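Worksheet: one structure, shown below.
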Amino acid sequence: MGKVRREKWSNEFSEWYNEILETAGIIDKRYPVKGMNVWLPYGLRIMRNIEAFIRAEMERTGHDEVLFPALIPETEFQKEAEHIKGFEDEVYWVTHAGLDPLDVRLILRPTSETAMYSMFSLWIRSHADLPFKVYQIVNVYRYETKHTRPLIRVREISRFFEAHTAHADFEDAERQVKEDLEIFDRLAKFLALPYIISKRPEWDKFPGAYYSLGAEIMMPDGRTLQIGTMHNYRQNFARAYDIKYETETGEHEYVHQTTFGMSERLLAAVISVHGDDNGMVLPPTIAPIQVVIVPIPKKDASVDVFAYAREIAEELRKAGFRVHVDERDIRPGRKYYDWELRGVPLRIEVGPRDVEGRKAVIARRDTMEKFTVERENVVEDVRKTLDEIHENLYNRAKEFLEGHIKRVDTIEEAKEVFEDRRGIVEIPWCGSEECGLKMEEELDAKMLGVPYPEEKAKAPEGKRCPVCGREAKFMARFARTY
RNA sequence: GGGGCCGUAGGGUAGCUUGGCCCAUCCUGCGGGCUUUGGGAGCCCGUGACCCGGGUUCAAAUCCCGGCGGCCCCA
């Protein structure tokens with residue numbers, strides 16, 4: 001009691017993760033198609049809370065919500081050469097209608113650029129239409145050949161967020177990327193998730209992009225998980241899909257485009273990063289139940305603990321909290337374990353002693369600490385404690401992330417760091433693809449890219465690329481990734 | 001692309017080598033009853049499974065062949 005354990009969480013993360021998803025009621029992975037899972041009510045409620053925040057941010061920043069069809073004609077899909085090359089071996093094809101083969105085959109969208117952009121070319125006419133900013137949250141399909149993993153690597157991404165924008169020039173597109181980063185930062189704070197941003201190397205950018213940024217978090221087993229991406233396409237897609245606008249002086253110019261993407265990996269990150277051996281720990285911002293009240297009856301007690309519990313619940317609800325009173329006829333200890341597993345950030349226990357003394361016991365999910373508060377201070381103490389929990393989750397995760405980033409100068413040192421296959425290594429790099437790929441191979445890790453913004457990416461004076469010995473231009477990040 | 005392992009109730013498992021004692025074991029879950037409630041109580045009753053197809057045999061969860069599905073390792 002009162003002790004946070006993270007042994008299984010850290011040492012047997014895969015088992016921990018699968019078990020939690022199932023027992024906490026997030027998803028049911030028994031659906032008979034590989035890589036496709038069923039969302040359960042509790043998991044969906046958490047995801048909806050995350051999406052509510054994203055939608056509010058989209059509204060705040062002037063994005064409109066749209067909804068495109070899931071099917072894309074082969075002819076549209078093939079317009080941007082790099083894009084098709086990047087996705088062709090992982091799209092699902094619709095080739096028949098009934099028994100007859102289709103004249104033009106259709107793909108199930110793996111992402112929506114090629115669905116959207118022919119429409120963009122119809123919609124965007126003049127400079128007055130720019131910047132043009134839309135988003136949607138839909139399911140997309142990718143035939144993953146590597147191991148699928150619920151919420152992380154799936155063949156149907158159920159909650160794929162994608163914002164697409166078009167701009168008059170490169171500078172405005174760059175402003176959009178900055179805005180995306182700011183939105184992402186606010187979202188990450190909302191989820192209490194510390195992260196890093198890297199600019200992807202040329203060989204790993206999004207197919208068709210001019211450059212790609214990726215946001216990563218640190219998983220309990222020391223691997224990184226990408227939970228957000230921002231791309232500047234420049235005019236690559238505009239040329240392929242003929243998206244032009246008329247300037248103030250009457251010329252026709254191709255637009256500059258960006259995208260910003262996220263998915264249910266956000267939920268995977270929240271569950272993984274904040275959890276412990278007892279289960280999930282949800283940030284109060286997204287917990288479907290923020291406070292659970294467990295009445296502790298005594299057979300011969302003269303007081304009504306249930307009435308007392310309901311009364312506190314009502315007061316908390318009026319103050320704006322999401323509260324549940326657990327009146328099930330099972331023992332309290334069982335209820336504690338139940339709600340801990342489901343990550344409810346704060347529990348209130350009320351027994352006859354509390355009713356008589358006008359008190360309540362508060363138990364924090366993050367630290368597993370318990371303390372007694374006065375009845376009349378409950379609302380205030382709950383508010384304060386929930387805030388502290390959120391802050392503590394963020395700080396704990398930040399410490400974990402930062403403790404897993406190491407700077408080294410040589411391949412040998414990097415290998416030493418990776419001996420336990422954990423963490424992120426930053427190593428000087430000349431910037432050539434050849435040396436980058438060589439390091440990936442030597443380290444058995446992926447290059448995430450270089451720190452972003454660019455100022456942070458520069459290698460300190462005098463550092464040399466450990467592969468070719470030339471002067472290092474950047475510090476490159478390597479990690480084992482999901 | 002190459003190699004290996006595995007499919008038994010909702011979840012986890014025993015049984016398989018050496019076929020019969022298996023209308024299949026135990027834990028958990030689920031429904032009901034009694035009793036209890038400050039950290040997973042107990043007892044009783046009930047519920048529910050051998051991946052699919054073919055073969056061998058007097059007899060198949062067990063052996064053989066094929067299919068489907070899952071997992072792991074290597075490139």
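Residue numbering restarts at 1 for every chain, and letters A, B, ... go by the order of the sequence lines. As the structure is a prediction and not an experimental result, all values here were calculated from the model. What you see below is based on every heavy atom in this structure, not just the backbone, and it leaves out hydrogens, waters and symmetry mates.
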- Would you please determine if the base of G39(B) is stacked by Y336(A), with stacking meaning a centroid separation under 5.5 angstrom and planes under 30 degrees? no
- Query: Do T481(A) and Q226(A) get their side chains close enough for a donor-acceptor pair, meaning under 3.5 Å?
  - Reply: no
- Item | Residue pair C435(A) / R470(A): nearest heavy atoms and the distance that separates them | SG-NH2, 4.2 Å
- Message: Is it the case that the ring center of F260(A) lies less than 6.0 angstrom away from the ring center of F161(A)?
- Response: yes
- Take atom CG of D444(A) and atom P of C73(B), then tell me their distance rounded to the nearest Å. 12 Å
- Item | Rounded distance (Å) that lies between atom P of G38(B) and atom NZ of K298(A) | 6 Å
- With a non-hydrogen cut-off below 4.0 angstrom, is P352(A) in contact with a base, only sugar-phosphate, or nothing? base
- Would you mind reading off the distance between D89(A) atom CG and G1(B) atom C1', rounded to a whole angstrom? 15 Å
- Correct closest heavy-atom pair for K335(A) and D326(A) would be NZ-O, 2.9 Å
- Item | Set of residues satisfying salt bridge (Lys or Arg N to Asp or Glu O under 4.0 Å) with respect to R477(A), sequence neighbours excluded | E426(A)
- Report the secondary structure of RNA chain B in dot-bracket form, marking unpaired bases with a dot and bases paired to a different strand with |, and treating Watson-Crick or G-U pairs with both distances under 3.5 Å as paired. (((((((..(((.......[.....)))((((((.......))))))...(((((..]....)))))))))))).
- Can you tell me how far P in C63(B) sits from the matching atom in U17(B), rounded to whole Å? 5 Å
- Query: Is V361(A) touching bases, backbone alone, or none of the nucleic acid, heavy atoms closer than 4.0 Å?
  - Reply: base
- Task: Could you give the distance separating C50(B) and U62(B) at their C1' atoms, to the nearest angstrom?
- Result: 10 Å
- Query: Say you pick atom P in U57(B) and the same atom in C64(B); how far apart are they, in whole Å?
  - Reply: 16 Å
- Item | Rounded distance in Å - CG (D329(A)) to P (C30(B)) | 14 Å
- Message: Taking the C1' atom in each of G39(B) and C43(B), what is the distance between them to the nearest angstrom?
- Response: 22 Å
- Message: Does A41(B) have OP1 or OP2 under 4.0 Å away from a side-chain N or O of R331(A)?
- Response: yes
- With rounding to whole Å, what would you report as the distance between G32(B) and G48(B) at their C1' atoms? 16 Å
- Task: Please determine if E88(A) and K85(A) form a salt bridge, counting it only when a charged side-chain N lies under 4.0 Å from a carboxylate O.
- Result: no
- Task: Choose from G39(B), G40(B), G38(B) the nucleotide whose nearest atom is closest to any side-chain atom of D354(A).
- Result: G38(B)
List every contact pair, protein side and nucleotides 9-11 of chain B side both N or O, where the distance is under 3.5 Å.
from: G10(B); atom 1: O3'; to: R30(A); atom 2: NH1; distance (Å): 2.8
from: G10(B); atom 1: O2'; to: R30(A); atom 2: NH1; distance (Å): 2.1

- Spell out, as yes or no, whether a donor-acceptor pair under 3.5 Å connects the side chain of R365(A) to the backbone of E340(A). yes
- Message: Looking only at the side chains, is there a donor atom on one of T385(A) and E388(A) sitting less than 3.5 Å from an acceptor on the other?
- Response: no
- Message: Whole angstroms only, please: what is the CZ-P distance between R334(A) and G39(B)?
- Response: 15 Å
- Touch class at under 4.0 angstrom, heavy-atom based, for E19(A) against every strand present: nothing
- Item | Distance below 4.0 Å between K34(A) side-chain N/O and C71(B) OP1 or OP2 | yes
- Rounded to the nearest Å, what distance is computed from the CG atom of residue D28(A) to the P atom of nucleotide G29(B)? 18 Å
- Item | Nearest-Å distance once atom C1' is located in both A49(B) and A14(B) | 13 Å
- Taken to the nearest whole Å, CD/E144(A) to P/C71(B) is 13 Å
- Nearest-nucleotide comparison on RNA chain B, the residue closer to the 5′ end among R347(A) and K299(A): K299(A)
- Item | Interatomic spacing from OH in Y482(A) to CG in L225(A) - rounded to 0.5 Å | 8.0 Å
- Using the C1' atom on both, measure C21(B) against A59(B) and round to a whole Å. 13 Å
- Message: Please tell me whether E162(A) and S112(A) have a donor and an acceptor in their side chains that are separated by less than 3.5 angstrom.
- Response: yes
- Message: Just the rounded figure in Å: distance from P of G39(B) to CZ of R365(A).
- Response: 17 Å
- Task: For nucleotides A9(B) and C30(B), find the distance between their C1' atoms and express it as a whole number of Å.
- Result: 11 Å
- Message: Taking the ring of F400(A) and the ring of W9(A), is the distance between their centroids below 6.0 Å?
- Response: yes
